[in-house]
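Take a look at the structure set out below.
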Amino acid sequence: MSKEHFNQDLIQFLNASPTPYHAVATMVAKLEKAGFQPLDESEAWTLKEGENYYVTRNGSSIIAFTLGKPELGARMVGAHTDAPCLKVKPHPEMSRHSYFQLGVEVYGGVLLNPWFDRDLSIAGRVQYLNDQQQLCHQLINFERPIAIVPSLAIHLDREVNSGRAVNTQTDIPPILFQLADDENVDFRELLKEELVRQGHSDCQEVMEYDLSFYDTQSAAVIGLKNNFIASARLDNLLSCYVGLESLLNHKGSDTTALLVCNDHEEVGSVSTTGAQGPFLKSVLERIYGTGESLTRAMSRSMLISTDNAHGIHPNYASKHDEHHAPKLNQGAVIKVNANQRYATNDETSALYRILCQASGSKVQHFVTRTDMACGSTIGPLTAGVLGVRTLDLGLPTFGMHSIRELAGTEDAFELSQTLVNFFKTKSLPS
């Protein structure tokens with residue numbers, strides 16, 4: 001696959017994945033097309049060496065793997081499916097001054113100001129009773145722009161450019177439409193109508209939902225020289241796509257190659273589907289066994305946690321340590337933190353640099369300024385659960401946690417090729 005084809009397929013993946021549920025469904029479609037077989041956690045598994053499998057949990061986390069020789073351990077790549085956003089509350093209806101709005105809850109560390117004046121839609125999962133009074137669930141995506149959070153005009157707040165704080169309770173409920181006189185609106189009835197419009201005519205009553213607002217603007221290659229990819233949810237669907245393509249292109253190796261994409265990283269990862277939950281460990285126990293068997297397998301294994309990294313912003317260069325200032329299109333970034341906010345150590349960093357030398361890939365380092373707090377990701381959490389050697393890696397981006405983020409057109413393609421070689425690595429230091 002050429003870099004241009006890779007980036008265009010990435011754009012399609014980003015557009016098709018406005019929520020973790022949609023991201024997993026999109027990945028499942030690509031995996032099944034490539035011959036991966038579904039596994040059910042509630043059933044017994046009979047796994048065969050050389051075969052391809054996947055399993056999902058809650059429809060929002062997924063593990064896919066090609067089974068290799070047990071004595072070689074596993075080569076694992078981790079990412080996360082969720083992104084900071086605005087989630088619809090359970091009782092969201094707001095009717096104020098003839099406008100119908102929905103109350104929202106902030107999910108994760110949202111950069112709020114960019115959400116104003118964007119063409120928004122809603123997507124997620126709905127639980128409903130069908131005409132047989134059975135509980136069913138269905139993904140939903142309004143797709144078209146149906147809402148907006150208008151800014152307050154500068155004339156009504158002359159100090160806005162000096163710093164306006166955003167009140168998450170009162171300032172960000174999106175407007176969906178104008179109300180007629182004495183009109184009462186039930187949001188669940190609106191959802192039912194949309195499900196029926198999308199072909200699910202068996203919907204009798206919407207019971208519950210997990211829905212998020214998202215920006216309808218398409219992902220795109222931008223810049224005068226086409227240097228950049230702009231999109232929502234690059235953190236961390238960019239890594240999900242890179243890991244998936246690497247797994248699909250991994251062929252003819254004796255090692256177990258595994259991709260895990262967890263939900264809930266943006267809110268701490270403590271859940272049934274998060275990296276600090278039991279999902280990955282339970283799958284590995286079904287592959288290798290428990291206790292000593294799993295410990296021995298993990299000692300022969302390695303995980304590369306792939307999340308985004310902060311590229312040095314030319315307008316805010318002072319926010320970086322000058323010797324650890326990654327640039328877009330200059331390669332993936334090894335993320336290091338002495339206080340274990342990242343799980344990288346000298347061994348895993350060296351192993352990755354050897355991979356880069358072999359494949360001709362560029363590599364950079366990121367360490368946060370010593371006088372600033374450091375973020376974290378799934379790396380330390382997974383390493384703590386499994387005891388597996390781990391590298392925290394990221395693709396450099398701008399605008400992390402904004403409604404629209406920016407990455408380079410070179411980095412993801414190059415990383416995917418390096419990860420293919422990682423999946424094929426047969427031996428690691430003992």
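Nothing fancy with the numbering, it's 1 onward along the sequence. Note that these values count all heavy atoms, side chains included, but never hydrogens, waters or copies made by symmetry.
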(request) Grab the two heavy atoms, one from Tyr342 and one from Cys374, that are nearest each other, plus how far apart they are. (result) CE1-SG, 3.5 Å
(message) Less than 3.5 Å apart, any donor N or O on the side chain of Gln198 or Glu194 sitting next to an acceptor on the other?
(response) yes
(message) Quick check on side-chain hydrogen bond (donor to acceptor under 3.5 Å, both in side chains): which of Thr256, Thr255, Asn52 does Thr66 satisfy it with?
(response) Asn52
(request) Go through the structure and list residues passing ring-ring contact (aromatic ring centres under 6.0 Å, His included) with Phe177, not counting sequence neighbours. (result) Phe100
(message) List the residues meeting ring-ring contact (aromatic ring centres under 6.0 Å, His included) with His324, not counting sequence neighbours, and say none if there are none.
(response) none
(message) Donor-acceptor check, side chain of Asp215 to backbone of Arg118, threshold 3.5 angstrom: yes or no?
(response) no
(request) Salt-bridge test for Glu205 and Arg188: reply yes if a basic N is under 4.0 Å from a carboxylate O, no otherwise. (result) no
(request) Not counting sequence neighbours, list each pair that qualifies as a ring pair (Phe, Tyr, Trp, His ring centres under 6.0 Å) and has a residue in residues 47-68. (result) Tyr53-Phe65
(message) Filter on ring pair (Phe, Tyr, Trp, His ring centres under 6.0 Å), then keep only pairs touching residues 113-161, sequence neighbours left out; what's left?
(response) none
(request) Nearest 0.5 Å please: distance from the OG1 atom of Thr290 over to the CG atom of Leu284. (result) 12.5 Å
(request) Taking atom types as modelled, find out whether Ser246 and Ser416 have a side-chain donor-acceptor pair closer than 3.5 angstrom. (result) no
(message) Among residues at least two apart in sequence or on other chains, which ones pass side chain to side chain donor-acceptor pair (under 3.5 Å) with Asn130?
(response) Gln134
(request) Only pairs at least two apart or in different chains count here, so list each salt bridge (charged side-chain N to carboxylate O under 4.0 Å, His left out) that has a residue in residues 163-183. (result) Asp157-Arg164
(message) Pairing donors with acceptors under 3.5 angstrom, does anything connect the side chains of Asp392 and Ser305?
(response) yes
(request) Please round to the nearest 0.5 Å and tell me the distance separating atom CG of Asn421 and atom SG of Cys356. (result) 9.5 Å
(request) Would you verify whether the NZ or CZ of Lys87 falls within 45 degrees of the ring axis of Tyr107 while also being under 6.0 Å from that six-membered ring's centre? (result) yes
(message) Against Asp411, only a single residue in Ile229, Val242, Asn329, Leu238 fulfils side-chain contact (heavy atoms from CB on, under 4.5 Å); can you say which?
(response) Asn329
(message) My understanding is that only one of Asn58, Thr19, Asp210 makes a side-chain hydrogen bond (donor to acceptor under 3.5 Å, both in side chains) with Arg125; could you say which?
(response) Asn58
(message) I'd like to know if the side chain of Thr409 pairs up with that of Asn7 as donor and acceptor (distance under 3.5 Å, no hydrogens or angles considered).
(response) no
(request) Drop me the distance from Lys192's NZ to Leu129's CG, to the nearest 0.5 angstrom. (result) 10.5 Å
(request) Could I get the full list of ring-ring contact (aromatic ring centres under 6.0 Å, His included) partners for Phe187, not counting sequence neighbours? (result) Tyr209
(request) Determine whether the side chains of Asp263 and His80 contain a donor N or O and an acceptor N or O closer than 3.5 Å. (result) no
(request) Provide the full list of salt bridge (charged side-chain N to carboxylate O under 4.0 Å, His left out) pairs with a residue in residues 236-247, sequence neighbours left out, each pair given once. (result) Lys30-Glu245
(message) Tell me which pairs pass ring pair (Phe, Tyr, Trp, His ring centres under 6.0 Å) where either residue lies in residues 12-38, with sequence neighbours left out.
(response) Phe13-Tyr241
(request) Only counting residues at least two apart or in another chain, list the ones meeting side-chain contact (heavy atoms from CB on, under 4.5 Å) with Asn226. (result) Val221
(request) Verify, without hydrogens or angle tests, whether Ser282 (side chain) and Phe279 (backbone) share a donor-acceptor contact under 3.5 angstrom. (result) yes
(message) Can you give me the closest heavy-atom contact between Ala74 and Ser301, atom names plus distance?
(response) N-OG, 2.8 Å
(request) Identify, with sequence neighbours excluded, every residue that meets side chain to side chain donor-acceptor pair (under 3.5 Å) alongside Gln37. (result) Glu51
(request) Please round to the nearest 0.5 Å and tell me the distance separating atom CD1 of Ile378 and atom NE2 of His264. (result) 14.0 Å
(message) Could you work out, with side-chain contact (heavy atoms from CB on, under 4.5 Å) as the rule, every residue matching Ser201, not counting sequence neighbours?
(response) none
